[in-house]
Amino acid sequence: MISIEVKDMTCGHCESTLRKAIAAVDAGATVKVDLPARRLDIESSAAASDLLEAVRSAGYTPGSVLSAAAKAPAQGQRGCCCG
């Protein structure tokens with residue numbers, strides 16, 4: 001899974017547009033939208049670069065991108081500073 005920050009995603013119309021853009025790249029992709037955080041969480045077999053280009057082509061500016069491995073704490077570490 002990758003997470004893409006989309007700061008200029010502000011409403012339900014934006015969400016719909018981005019879902020369609022991702023579906024055009026991978027019709028089987030699962031897209032979870034966190035509108036308050038302005039983030040897309042995408043489960044897809046497509047390359048992250050293709051998903052980023054889909055966001056750009058839809059007229060939005062993708063920000064930081066995290067993979068599931070980057071978001072998860074390392075084994076044996078807790079998700080805080082005292083790990």
Side-chain angles (χ1 to χ4, degrees):
M1 178 172 64
I2 68 163
S3 293
I4 303 173
E5 182 180 52
V6 186
K7 290 288 187 188
D8 45 357
M9 175 178 65
T10 59
C11 67
H13 180 263
C14 297
E15 175 183 345
S16 176
T17 300
L18 287 164
R19 284 183 183 277
K20 288 176 187 173
I22 298 301
V25 173
D26 179 0
T30 301
V31 181
K32 292 183 181 175
V33 177
D34 185 341
L35 199 53
R38 296 182 178 171
R39 187 180 70 235
L40 301 173
D41 292 325
I42 306 167
E43 284 284 346
S44 174
S45 59
S49 59
D50 292 339
L51 298 171
L52 288 169
E53 184 55 36
V55 171
R56 281 188 204 96
S57 294
Y60 295 86
T61 307
S64 61
V65 177
L66 295 174
S67 67
K71 289 173 49 174
Q75 187 176 14
Q77 288 189 359
R78 297 181 296 165
C80 68
C81 63
C82 59

Backbone N/O of Gly12 and side chain of Ser16: donor-acceptor pair under 3.5 Å:
no
Minimal non-hydrogen separation, Gly63 against Ile4, with atom names:
N-CG2, 4.5 Å
Between the OG1 atom in Thr17 and the CE atom in Met9, the distance rounded to the nearest 0.5 Å is 11.0 Å
Val33 and Arg19: which non-hydrogen atoms are nearest, and at how many Å?
CG2-NH2, 3.6 Å
Which atoms form the tightest heavy-atom contact between Ala46 and Asp26, and what is the distance?
N-OD2, 4.0 Å
Does the side chain of Val55 come within less than 4.5 Å of Val6's, by heavy atoms?
yes
Can you list everything that forms a salt bridge (Lys or Arg N to Asp or Glu O under 4.0 Å) with Asp34? Sequence neighbours excluded, please.
Arg39
For Glu43, check salt bridge (Lys or Arg N to Asp or Glu O under 4.0 Å) against everything at least two apart and list the hits.
none
Report the residues that fulfil side chain to side chain contact (heavy atoms under 4.5 Å, CB included) with Thr10, sequence neighbours left out, ordered by chain and then residue number.
Cys14, Arg38
Heavy-atom distance under 4.5 Å between the side chains of Leu51 and Leu40, does that happen here?
no
Non-hydrogen side-chain atoms of Thr30 and Asp41 separated by less than 4.5 Å
no
Where do Pro62 and Leu52 come nearest, in terms of heavy atoms and distance?
CB-CD2, 3.6 Å
Closest contact, heavy atoms only, Asp8 versus Gly59
OD2-O, 4.2 Å
